[in-house]
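These notes concern the structure reproduced below.
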There are 2 protein chains.
Amino acid sequence: MLDVSSFSHLSLDPETTVDKIAAELRRALFDGELEPGTPLREVALADSLGVARSTVREALGSLVADGLAVRVANKGVAVSTPDPGVIHDVTRARTVLEVAGVRRWAEAAETDRQAVRDALAAYAELASTDFTTAAWNQAHLAIHRAFVGLTGSERLVAAADALAGEIRLALAKVDRTRRNATEQVASHALLVDLLEAGRTDDAADELVRHLADGETSMAAALT
Amino acid sequence: MLDVSSFSHLSLDPETTVDKIAAELRRALFDGELEPGTPLREVALADSLGVARSTVREALGSLVADGLAVRVANKGVAVSTPDPGVIHDVTRARTVLEVAGVRRWAEAAETDRQAVRDALAAYAELASTDFTTAAWNQAHLAIHRAFVGLTGSERLVAAADALAGEIRLALAKVDRTRRNATEQVASHALLVDLLEAGRTDDAADELVRHLADGETSMAAALT
DNA sequence: AATCGTCGGATTGTCGAACAATCTTCAGCA
DNA sequence: TGCTGAAGATTGTTCGACAATCCGACGATT
């Protein structure tokens, strides 16, 4: 039998009701079931989900903390509405984070580099299946998250996750991505190839271009 | 008389009780009145502050979202305990953010550059007064915040603020800063001078050194 | 007609009490 | 010593209530 200390790496934290509600709301947001600007009434959500108002309230606080919704005092919480200014700021922020990551490709931990390859592989595989918009966006953003992971800082990854949430919100109603799925995969594969070849400067330039393109297409999709 | 639409830039949001509680708890944390690891009991805080438990609970959620405290299910929230690993991660993260800022010095908005100068001036002035540890740390971190502000991204500044919170937590009980206040000011002034002279590469190197020094001294102060 | 005051409904912010589930402590016992 | 189990403490969640605030409508005034 193993020593007890061998299990010290195991852990589980019981999923609380607030977490479930927050997760369900996030899913609804990312699936485009809730239009940006939609007010999230506490009582309506409460008896729609069969929980108390306090619990809903706490879950809403979680969404607000992540920037997915905004709360104005005495008026309540509403789904964040991504405007061009937000898109621009998000793009500038993720450019900083992701470029910092890819520039550390050579010095990064091997596991972090492998995470990039794995994310790319999953992305490519998904492209040949019948995927949903939300799943596609998630796989795409997983690659960019892995880029930030190259910095080796979990806090930067957390910041990138918050940015990704706002992007998924903006992309919820857009599935223009489907038609050029293979093209998108090729673009990211090229980027990783440049990294593997040691051409980090070229990779960084390519990434900046890619993110700028993403900004323009996202801004255009806002109608 | 002015047009009615001239008032569109005015706004005010009433400060809610939860905000006051969260602010008070932050102050106590940054002033070192609460040791890291101290459990924050909901009932104790509630009747100590003269508010309901629900309200305290919500305020605690705010602290947890900012990384100043940690919540484990069914056990409650406790003040975060900064260990060397945390310090290292925070340092790596802020290095990315601040270096990205200073490298954009030339392209940054003039107001953002001026914010750096102003923060430095306030820091220098504070050095010649009888300051408290918390105020000193705040003035110091304001400079570094201004560096991130050079990126022009409010989201990166927000991320930097979260990092700054954890730093203030680690620095709460340390006032080794007092003795070499003028030296600290000189170090930051040199950095800004390099920027003004257009030597951004040298400034970035200096900044990296400065942050690395900060990490070692913070880690040493953890005892 | 346009502006202003007021009224009522809806919603949030906060409070208080309650209860089950879980954690912690500690005495008792093998 | 090491395990068991009961008691107390703490959290997670629910319910009900109330004041404060917001919002829209409805008149009243100029």
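Numbered from 1 within each chain, the chains take letters A, B, ... in sequence-line order.
- Looking at B:R92 and B:E215, no side-chain N of the basic residue comes within less than 4.0 Å of a carboxylate O on the acidic one, giving no salt bridge.
- To the nearest 0.5 angstrom, A:D89 atom CG is 8.0 Å from B:T151 atom OG1.
- Listed nucleotides: C:dG16, D:dT13, C:dC23. Nearest to the side chain of B:N74: C:dC23.
- Using bins of under 30°, 30° to 60° and over 60° for the plane-to-plane angle, the ring pair A:H144/A:H188 lands in the perpendicular bin.
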Exercise for review: List the steps and the verdict of side chain to side chain contact (heavy atoms under 4.5 Å, CB included) for A:T91 and A:I167.
Suggested key: CA-CA 9 Å; A:T91 301; A:I167 294 175; over 6 Å; no

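- Near DNA chain C, meaning a heavy atom under 4.0 Å from it, residues 33-49 of chain A has A:L40, A:R41, A:E42 in order of number.
- A:K75 places its NZ atom 11 Å from the P atom of C:dT12, with the value rounded to the nearest Å.
- Checked against side-chain hydrogen bond (donor to acceptor under 3.5 Å, both in side chains), B:D47 has no partners two or more places apart in sequence or in another chain.
- With A:R145 as the fixed residue, the salt bridge (Lys or Arg N to Asp or Glu O under 4.0 Å) test singles out one of A:D112, A:D118, A:D161: A:D161.
- Only A:R53, A:S54, A:T55, listed by number, bring a heavy atom of residues 53-71 of chain A to less than 4.0 angstrom from any atom of DNA chain D.
- Between the CG atom of A:D19 and the C1' atom of D:dT11 there is a distance of 14 Å, given to the nearest Å.
- Look at CG on B:L12: it is 11 Å from P on D:dT21, rounded to the nearest Å.
- By the 4.0 Å N-to-carboxylate-O rule, A:K20 lies too far from A:E15 to be salt-bridged with it.
- Residue B:V18 places its side chain closer to C:dT14 than to any other of C:dT14, C:dC15, D:dT13.
- A donor-acceptor pair shorter than 3.5 Å can be found between the side chains of B:R26 and B:S62.
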